[in-house]
Amino acid sequence: MPLSRLVTLIVGLIVILALSLWLIDSLSRLYWQLSYSPLLGNLLLLLLVLLIGGLVAAFVYYVLILQAGEKRSRQQRRPATTAKIPAAKSDAASTTLQAVKQQVAQIQDEVARQALLSKSREIELTLTRGEIQVVVFGTGSAGKTSLVNAIMGRMVGQVNAPMGTTQVGETYCLRLKGLQRKILITDTPGILEAGVEGTEREQLARELATSADLLLFVVDNDLRRSEYEPLRSLAEIGKRSLLVLNKTDLYTEEDQESILARLRQRVRGFIAPNDVVAIAANPQPAQLETGETFQPEADIVPLLRRMAAILRAEGEDLVADNILLQSLRLGEEARNLIDMQRRRQADKIVDRFQWIGAGVVSVTPLPVVDLLATAAVNAQMVVEIGKIYGCELNIERGKELALSLAKTIASLGIVKGAIQLISTALQFHVATFVIGRAIQGVTVAYLTRIAGKSFIEYFRHDQDWGDGGMTEVVKEQFKLNRRDEFIKAFIQEAIARVVQPLTNNSEVTEPDQEANN
């Protein structure tokens, strides 16, 4: 009972007693004054008894009836389940999901948009269902299904089967005494299986593992590198894991301790020593002296105890952490899709303006190849790229950025390198009489491309050139755009867009000049 209510009851009781004493004294005096009439005296006595009884009854009603009503009210206000995700993490997950929905609205690909919306709804359902997802993960021969069978206490899958039996994630429900949440145990396909189908099943297993609240990573011997790497990568994204050494009935006690010691050493730093547990999920049958076959019971008690301790102590945090992780991963996926979409749009702008610049220079050749002369073209390109990334720039700001980048390209000697690169690539494809103009035009297109690609990186990183500044970005783009496979494709397109029109114009001009002569 609250302290304020207790004080109120005590004060009320004192007031009731004081009033009762005052009434008794007053009515006793009146009774003696009316003693000449026994009837009136008895009526006053009855009135006194009724009044005191009413006060006592009111007090009892308040203490018992109202308190019971208050208890019922508290029960009605209490949530249906006592399991509650920590508020801070739940709010963070909800905020992230709202941000994801806003990002998803920007995705133009209908299939990708619906897929992300479906994932966000699944995470929202997880927030309300209150289930703990335990995923059993490992190679196909480690005994994952046998472990699930032993945990459930009944046959829920095929055991002693060849690798690849578990084709999809199979989930079973389990209740743990003292834990409000339901536990869902999922058996996954084995990893490290051969063939295309094996690779696809492993991908499914990894996806299930990344959605787990608690991961049981099952091995039957020391960790191989191919097992260590996925275990480490799952730990790095925050997966709470138990490393389970199965098939201990096949080892002597000394060998078992030796393997456990090596396992604990290998995972030191991301899995605690007491989270490396030895079990025998499906012990091999033994031959008795009488000739009968004896089937030992599964020995998984150490694992069950450790699981129970973790889920009781950390269950709510595990669920909250996993929901937040899934929300963040979904947000990252949405951002990547939006980034790819923006890059495709920006690449189209760069492709368009590089050939516009080439056309301008081909029509009016310059003494030297100089991006400063095409600054107006590049300024408009910068403005349009910025708009795709949500940055509204005026043409003056675009020209300022274009000139700055052009000066950087010139200072790095990229113009000279580009001319040599383009000249070498064009010498076998271009007639002598148009070679000079063609080199200028195609080189300007190539440099405009490097400038445009550099600006895409600038806007992708929120108008930031990064630690290396503009110079490093330009160098990286020049390196990426001088690869042989790109140059071959670029020259073929340049011939069609720049060289061929120049050749056709020259062929038309020469007959006209001859006719005039």
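Predicted, not measured: the structure shown is a model, and the values here were computed from it. Side-chain atoms are counted along with the backbone in the values below, which use heavy atoms only and exclude waters and symmetry mates.
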Name each donor-acceptor pair under 3.5 Å that joins a side chain in residues 207-220 to protein atoms two or more places apart or in another chain, with its distance.
| residue | atom | partner | partner atom | Å |
| --- | --- | --- | --- | --- |
| E207 | OE2 | Q203 | NE2 | 3.4 |
| T210 | OG1 | R206 | O | 3.4 |
| T210 | OG1 | E207 | O | 2.7 |
| S211 | OG | L208 | O | 2.8 |
| D213 | OD1 | N322 | ND2 | 2.8 |
| D213 | OD2 | Q133 | N | 2.7 |

Contacts table for residues 463-475: side-chain donor-acceptor under 3.5 angstrom, sequence neighbours left out:
| residue | atom | partner | partner atom | Å |
| --- | --- | --- | --- | --- |
| D464 | OD1 | G466 | N | 3.0 |

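Under the 3.5 Å distance criterion, the side-chain polar atoms of S411 are matched with a main-chain donor or acceptor of T408. Counting only distance, with no hydrogens or angles, the side chain of D299 and the backbone of A280 share no donor-acceptor pair below 3.5 Å. No donor-acceptor distance shorter than 3.5 angstrom exists from the side chain of N246 to the backbone of L147, with no hydrogens or angles considered. Under the 3.5 Å distance criterion, the side-chain polar atoms of T171 are left unmatched by any main-chain donor or acceptor of L184. Judged by distance alone, the side chain of R483 and the main-chain N or O of L480 form a donor-acceptor pair under 3.5 Å. No donor-acceptor pair closer than 3.5 Å links the side chain of D351 to the backbone N or O of D347. When atom types are taken as modelled, the side chain of S454 and the backbone of I450 share a donor-acceptor pair closer than 3.5 angstrom. Judged purely by atom type and a 3.5 angstrom limit, Q477 has no side-chain atom pairing as donor or acceptor with the backbone of A451. When atom types are taken as modelled, the side chain of Q341 and the backbone of Q106 share a donor-acceptor pair closer than 3.5 angstrom.
A 4.5 Å side-chain heavy-atom check between L393 and F459 finds at least one atom pair inside the cut-off. Residues L325 and K239 form a side-chain contact, since some pair of their non-hydrogen atoms from C-beta on lies under 4.5 Å apart. Contact of the T186 side chain with the V134 side chain is not registered, since no non-hydrogen atoms from C-beta on lie closer than 4.5 Å. Put simply, the side chain of D109 does not reach to within 4.5 Å of the side chain of L337, judged on heavy atoms. The shortest side-chain heavy-atom distance between T448 and V377 does not fall under the 4.5 Å cut-off. By the 4.5 Å heavy-atom criterion applied to side chains, F353 and N378 are not counted as neighbours. In this structure, I279 and L245 have side chains that are not in contact, with every pair of non-hydrogen atoms separated by 4.5 Å or more. Under the 4.5 Å side-chain criterion, counting only non-hydrogen atoms from C-beta, L174 is in contact with I151.
Going from atom CD1 of I456 over to atom OH of Y389 covers 5.5 Å, rounded to the nearest 0.5 Å. Here CD of E229 is found 11.0 Å from CG of L223. Values are rounded to the nearest 0.5 Å. Separation of atoms CZ (F478) and CD1 (I409) is listed at 10.0 Å; rounding is to 0.5 Å. With values rounded to the nearest 0.5 angstrom, I107 atom CD1 is found 10.5 Å from M340 atom CE. Atom CZ of R225 is separated from atom CZ of R232 by 12.0 Å, given to the nearest 0.5 angstrom. Between the NZ atom in K144 and the CD atom in E170 there is a gap of 10.5 Å [rounded to 0.5 Å].
Other residues, nucleotides and ligands contribute over 12 non-hydrogen atoms within 6.0 Å of the NZ atom of K247. Heavy-atom contacts from other residues, nucleotides or ligands closer than 6.0 Å to CZ of R268 number 12 or fewer. Environment of CG in D484: sparse, with no more than 12 heavy atoms of neighbouring residues, nucleotides or ligands closer than 6.0 Å. The local environment of CD in E254 is sparse, with at most 12 non-hydrogen atoms from other residues, nucleotides or ligands closer than 6.0 Å. Around CD of E485, the count of heavy atoms belonging to other residues, nucleotides or ligands within 6.0 Å exceeds 12. Within 6.0 Å of atom CZ in R335, more than 12 heavy atoms from other residues, nucleotides or ligands are found, so the atom counts as buried in its surroundings.
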| Worked verdict on R224 versus T139 for side chain to side chain contact (heavy atoms under 4.5 Å, CB included) | CA-CA 11 Å; R224 294 173 285 180; T139 61; 3.3 Å; yes
| request: Tell me, with the steps shown, if D275 and R240 meet salt bridge (charged side-chain N to carboxylate O under 4.0 Å, His left out). | output: CA-CA 10 Å; D275 286 341; R240 183 71 162 87; 2.6 Å; yes
| query | Could you walk me through whether D255 and T252 pass the side chain to side chain donor-acceptor pair (under 3.5 Å) check? | reply | CA-CA 5 Å; D255 287 342; T252 64; 3.2 Å; yes
| field | Full working for side chain to side chain contact (heavy atoms under 4.5 Å, CB included) between E457 and H461 | value | CA-CA 6 Å; E457 294 304 308; H461 296 92; 3.4 Å; yes
| request: Go through I349 and M381 one step at a time and tell me if the side chain to side chain contact (heavy atoms under 4.5 Å, CB included) criterion holds. | output: CA-CA 7 Å; I349 291 174; M381 177 180 68; 4.1 Å; yes
| request: Determine, step by step, whether E384 and Q380 satisfy the side chain to side chain contact (heavy atoms under 4.5 Å, CB included) criterion, reporting the C-alpha distance in whole Å, the side-chain angles of both residues, the deciding distance to 0.1 Å, and the verdict. | output: CA-CA 6 Å; E384 293 193 22; Q380 186 61 39; 3.4 Å; yes
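Nearest heavy-atom pair across A425 and I487 is CB-CG2, 4.2 Å. Considering all non-hydrogen atoms of both residues, P285 and Q295 come closest at CB-OE1, 3.7 Å. Listed here is the closest heavy atom pair of L204 and P189: CD2-CG, 4.0 Å. For the pair A402 and A379, the tightest heavy-atom approach, listed with the atom from each and the gap, is CB-N, 3.9 Å. The two residues V136 and T188 come nearest to each other via the heavy atoms O-OG1, 2.7 Å. Across all their heavy atoms, K182 and C173 have their closest contact at CD-SG, 3.7 Å.
Scored by the side-chain contact (heavy atoms from CB on, under 4.5 Å) test, K101 finds Q98, S120, E124 as partners (sequence neighbours excluded). Applying the side-chain contact (heavy atoms from CB on, under 4.5 Å) criterion to E257, with sequence neighbours excluded, gives L260.
Within the structure, the ring-ring contact (aromatic ring centres under 6.0 Å, His included) test picks out the following pairs touching residues 243-285 (sequence neighbours left out): Y228-F270. Contacts classified as ring-ring contact (aromatic ring centres under 6.0 Å, His included) and involving residues 282-321 (residues at least two apart or in different chains) are not found.
Shown are E476, R449, K453; of these, the side-chain hydrogen bond (donor to acceptor under 3.5 Å, both in side chains) with N481 is made only by R449.
Of the charged side-chain nitrogens involved, at least one lies within less than 4.0 Å of a carboxylate oxygen, so that E400 and R397 count as a salt-bridged pair. Ion pair R329/E333 not flagged as a salt bridge, since none of the NZ, NE, NH1 or NH2 atoms sits closer than 4.0 Å to an Asp/Glu carboxylate oxygen. Salt bridge status for D222 with R266: present, with a side-chain N to carboxylate O gap under 4.0 Å.
In this structure, F490 has its ring center closer than 6.0 angstrom to the ring center of W355.
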